[in-house]
Amino acid sequence: ARVEWLPLSPSARSPRWRRSGATPDGYRVHWRRVYDGGGGGGGGSARAERRDDAVSSCWVGTEATWCVIGRLAYNAEYLFWIAGVSRASGDGPPSHKVTARTPVTRPSAPGRPSTHAGGSGTSVQLCWAPPAVDGGAPVLSYFVHTTASDGTHSDPLVVPCDFNAFSVDGLRPGVAYTFQVQAVTRVGQSDLSESSDLVVLGVPGEPAPQCE
């Protein structure tokens, strides 16, 4: 989030600063996450600060009129406020608090799929880890992409969101394949995962290892 403010005017300085003649040495920017509360009267859900969520802050010099705060949660509401800082007289009074919601974005790619050739000689069992970052929206489904060693691509297979293992059937015995997985949310599709190891389908009838 980018936080901007107007320079601190003399009239807005702390009374003890004015009495001592101190001037601000910089600003301290504070932020705290805001959570939806459990609905009070009037039919709307209340917003409340959760006190176990610590206030974070950063310090910037007097010449600054903005700063960028990183590592915030996606699709989350935050309170922001600032105060002037004087080494001689401490922090001045805080500004009014403002709220802002971080955007929803595409998820990160799922984990690299592991592969286990099925005993039929025409199937491969895949396992993968969900995206480390969902971008603020839940995963709705996955696309499984199949590429044969001759460069041909099959249409993506759709896998429900509550699965992170899937059997790809209808493959050709003796052909080598790689697989990639893609997460889908209401915002869009993630990048493709890293390609799996190359797996060559063997002779039908061999036992099929299972994902752990």
Side-chain ([X]) to main-chain ([Y]) donor-acceptor, under 3.5 angstrom:
X: Ser95; Y: Ile82; result: yes
X: Gln180; Y: Ser193; result: yes
X: Ser123; Y: Asp169; result: no

inquiry  = Evaluate Trp59 against Val85 for side chain to side chain contact (heavy atoms under 4.5 Å, CB included), listing each step before the verdict.
reply    = CA-CA 9 Å; Trp59 186 91; Val85 179; 3.9 Å; yes
Taking all heavy atoms of [X] and all of [Y], pick out the closest pair and write down the distance.
X: Asn75; Y: Thr102; result: N-OG1, 3.0 Å
X: Ala137; Y: Val187; result: CB-CG2, 4.3 Å
X: Ala148; Y: Val175; result: CB-CG1, 4.2 Å
X: Pro107; Y: Gly188; result: CD-O, 4.2 Å
X: Val104; Y: Gly136; result: CG1-C, 4.1 Å

Do the non-hydrogen side-chain atoms of [X] and [Y] ever get within less than 4.5 Å of each other?
X: Thr115; Y: Leu126; value: yes
X: Arg2; Y: Trp66; value: yes
X: Val55; Y: Trp81; value: yes
X: Cys67; Y: Cys58; value: yes
X: Pro156; Y: Val144; value: no
X: Arg106; Y: Asp191; value: yes
X: Pro110; Y: Ser190; value: yes

request  = Name all residues meeting the side-chain contact (heavy atoms from CB on, under 4.5 Å) criterion together with Leu171; count only those two or more places apart in sequence or in a different chain, and write none if there are none.
outcome  = Val124, Thr146, Val168, Tyr177, Phe179, Leu201
Just verifying a value: how many Å separate [X] [atom1] and [Y] [atom2], rounded to the nearest 0.5 Å?
X: Ser195; Y: Arg112; atom1: OG; atom2: CZ; answer: 8.0 Å
X: Lys97; Y: Arg32; atom1: NZ; atom2: CZ; answer: 6.5 Å
X: Leu6; Y: Thr65; atom1: CG; atom2: OG1; answer: 8.5 Å
X: Thr99; Y: Glu77; atom1: OG1; atom2: CD; answer: 4.5 Å

request  = May I ask you to check whether Trp5 and Tyr27 place their ring centres under 6.0 Å from each other?
outcome  = yes
task = Check salt bridge (charged side-chain N to carboxylate O under 4.0 Å, His left out) between Arg186 and all other residues, then give those that pass, not counting sequence neighbours.
result = none
request  = Determine, step by step, whether Tyr78 and Leu72 satisfy the side chain to side chain contact (heavy atoms under 4.5 Å, CB included) criterion, reporting the C-alpha distance in whole Å, the side-chain angles of both residues, the deciding distance to 0.1 Å, and the verdict.
outcome  = CA-CA 9 Å; Tyr78 286 85; Leu72 302 178; 3.8 Å; yes
request  = Verify the neighbour count for atom CG of Asp155: are there more than 12 heavy atoms of other residues, nucleotides or ligands below 6.0 Å?
outcome  = no
request  = Verify the cluster assignment for Val158 and Val184: are they in a single hydrophobic cluster under the rule of side-chain heavy atoms below 4.5 Å apart?
outcome  = yes
request  = Consider only side-chain heavy atoms of I, L, V, M, F, W and Y, link residues closer than 4.5 Å, and tell whether Val98 and Val60 are in one cluster.
outcome  = yes
task = Sorted by first residue and then second, give each ring pair (Phe, Tyr, Trp, His ring centres under 6.0 Å) pair with at least one member in residues 131-160; sequence neighbours left out.
result = Trp128-Tyr142
request  = Dump the intermediate steps for side chain to side chain contact (heavy atoms under 4.5 Å, CB included) on Ile69 and Phe80, then the final yes or no.
outcome  = CA-CA 10 Å; Ile69 299 170; Phe80 299 92; 3.8 Å; yes
inquiry  = Does Val133 form a side chain to side chain contact (heavy atoms under 4.5 Å, CB included) with Tyr74? I'd like the steps, not just the answer.
reply    = CA-CA 9 Å; Val133 177; Tyr74 290 108; 3.5 Å; yes
query = Does a side-chain N-to-carboxylate-O contact under 4.0 Å join Arg172 and Asp150?
reply = yes
